Amino acid sequence: MNLLLRRHHSSLAPFNLRPTIEHDIVSLCKSNLLFDAIHLLNSIHSHKCFTKKPILYAILLQTCTKSNSFNHGLQLHSHVIKTGLETDRFVGNSLLALYFKLSSDFIETRRVFDGLYFKDVVSWTSMISGFIRVGKPRNDLYQEALGFFFSMMRKYGMSADGFTFGSVLTACGNLGRLKQGKEVHSKLITSGIHDNVVVDSSLVDMYGKCGSLDESQRVFDRMTKRNSVSWCALLGGYCQKGHFDTVIDLFRQMEEIDLYSFGTIIRACAGVFGISVLAAVPT
DNA sequence: TTAGGGTTAG
C-alpha cells in the first residue's frame, strides 16, 4: 500500500470500519481530487487487485470531464477496454460525455458512439446535444443533430424523453425549421411529457426563432411554471421580429431578472432607440 | 441510478 493510500485511509476511515479502496476513489472524485483518485486506482493495478466495478469507472470518467482532463480520461478509456467495462451503459455514456464535451474531434466522438454496446436514450441525446453545443455557428451540425433525432425515433422501442426534446427543439429553432419544429412538438404531445419547464421554454424559443410569435406566446401562456429562461425565450422572439415595445412591456411584468434577460432588453432598447433616432432626424 | 437538456450576439 503506497503512502497516498495509507494517508487517505487514515484520514477517512473510522477505527473499526475501513472503507474499501473503491469507496475511497469515489470520495476523492466527489471532492474533485482527480489526480489522487487516479493515483489510488493505479496503485490497485500495480498490486494486481484489478477492480471491475462499473460505477468506479463511470464516476472517474465524469470527474475527468468536470475537471477538463481529457488526457486522464483517455488513460481511463484504455483501462475500460482492458477490463471489458465498456459494455456497461453508465461507463459507456460517461465515456461518450468525456469525448463530446472535451474533444473537438467529431469523428472520434462518433466512433465512441458507434462502438457503444448499448445505445439508450441518454447516448442518443448526448450526441444530439453534443452537436448542438459545438455547432453554435454551424448549421450543418444542427442538421446532424436533427438527423440523429429522427434516426433515433425510427429505432424500435427507443423513445425520446424531456432531455431529448429540449435539445432537438433548440436545433429546430436555430435552423429556423418551423415544419420540423411542429413535427417535434406533436411527438412531444404524444410522448406524454407535460409541465417540463425546460422543454416548454425550448418550445417557446423554437417558435420565436421560427418567427411564429402567436405560437410562442400560446405555449408560454399555457405554462404552469415559468422561469427567467422561459421569459427570455419569449422576449427573444419579439425582439427578433422588431416588436420592441412588447419586449419592454413584458420586461416590466417579469418577476425575476438575471443578466441574460438584461441582454435581451438592452437589445430591445437599442431597437427603440434606433427608431426614435430615425424619427428625430429632421426632414 | 452514477450518465445526457433550454434563453442574448457575435
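Letters A, B, ... are given to chains in the order of the sequence lines, protein chains preceding strands, and every chain is numbered from 1. This structure is a prediction, so every number in the text was calculated from the model and none was measured.
Of the residues in residues 96-116 of chain A, those with a non-hydrogen atom less than 4.0 angstrom from any atom of DNA chain B are Lys101(A). Contacts with DNA chain B (heavy atom under 4.0 Å) in residues 205-221 of chain A: Asp205(A), Lys209(A), listed by number. Within residues 157-164 of chain A, the residues approaching DNA chain B are Asp161(A), Gly162(A), Phe163(A), Thr164(A), by heavy-atom distance under 4.0 Å.
Taking only side-chain atoms of Phe90(A), from C-beta outward, the nucleotide of dT2(B), dG4(B), dT7(B) with the closest atom is dT2(B). The side chain of Ser94(A) has dA3(B) as its nearest neighbour among dA3(B), dT7(B), dG5(B). For Ser167(A), the listed nucleotide lying nearest its side chain is dG5(B); candidates were dG4(B), dG5(B), dT8(B). If you check dT2(B), dG6(B), dT7(B) against the side chain of Asn227(A), the one that comes closest is dG6(B). Across dT8(B), dG6(B), dT2(B), the shortest atom-to-atom separation from the side chain of Ile55(A) is found for dT2(B).
Contacts of Leu235(A) with the nucleic acid, taken as non-hydrogen atoms under 4.0 Å apart, are absent. Looking at heavy-atom distances under 4.0 Å, Val121(A) makes contact with a base. The residue Ser201(A) sits close to a base: some heavy atom pair falls under 4.0 Å. Note on Val26(A): nothing from the nucleic acid sits closer than 4.0 angstrom, heavy atoms only. Contacts of Ala58(A) with the nucleic acid, taken as non-hydrogen atoms under 4.0 Å apart, include base atoms. Using a 4.0 Å heavy-atom criterion, one finds that Val91(A) contacts no nucleic acid atom at all.
Pairs passing the side-chain hydrogen bond (donor to acceptor under 3.5 Å, both in side chains) check and including a residue from residues 100-109 of chain A, sequence neighbours excluded, read Glu108(A)-Arg111(A). Residue pairs satisfying the side-chain hydrogen bond (donor to acceptor under 3.5 Å, both in side chains) criterion with at least one member in residues 155-168 of chain A, sequence neighbours excluded, are listed as follows: Thr125(A)-Thr164(A), Asp161(A)-Thr164(A). The side-chain hydrogen bond (donor to acceptor under 3.5 Å, both in side chains) pairs that include a residue from residues 187-199 of chain A are Asp195(A)-Thr224(A), where partners are two or more places apart or lie in different chains. Residue pairs meeting the side-chain hydrogen bond (donor to acceptor under 3.5 Å, both in side chains) criterion with at least one member in residues 231-254 of chain A, sequence neighbours excluded, are Gln217(A)-Tyr238(A).
Other members of the hydrophobic cluster containing Phe118(A), listed by chain and number, are Tyr117(A); membership follows side-chain contacts under 4.5 Å among ILVMFWY residues, whether direct or relayed.
The side chain to side chain donor-acceptor pair (under 3.5 Å) search around Ser230(A) returns Ser201(A), Asn227(A), not counting sequence neighbours. With sequence neighbours left out, the side-chain contact (heavy atoms from CB on, under 4.5 Å) criterion links Ser31(A) to Leu33(A). Take Glu215(A) and apply the salt bridge (charged side-chain N to carboxylate O under 4.0 Å, His left out) test, not counting sequence neighbours, and it matches Arg218(A).
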Scan the side chains in residues 176-186 of chain A for donor-acceptor partners under 3.5 Å anywhere in the protein, sequence neighbours excluded, and list what turns up.
| unit_1 | atom_1 | unit_2 | atom_2 | d |
| --- | --- | --- | --- | --- |
| Arg177(A) | NH1 | Gln143(A) | OE1 | 3.2 |
| Arg177(A) | NH1 | Gln180(A) | OE1 | 2.9 |
| Arg177(A) | NH2 | Gln143(A) | OE1 | 2.8 |
| His185(A) | ND1 | Tyr207(A) | OH | 2.7 |
| Ser186(A) | OG | Glu183(A) | O | 2.8 |

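Taking atom CG of residue Asp195(A) and atom P of nucleotide dG5(B), one finds them 22 Å apart after rounding to whole Å. Taking atom NZ of residue Lys225(A) and atom P of nucleotide dG6(B), one finds them 16 Å apart after rounding to whole Å.
Side-chain N/O atoms of Thr125(A) and base N/O atoms of dG4(B) include a donor-acceptor pair closer than 3.5 Å.
The shortest distance between side-chain heavy atoms of Tyr99(A) and Phe106(A) does not fall below 4.5 Å.
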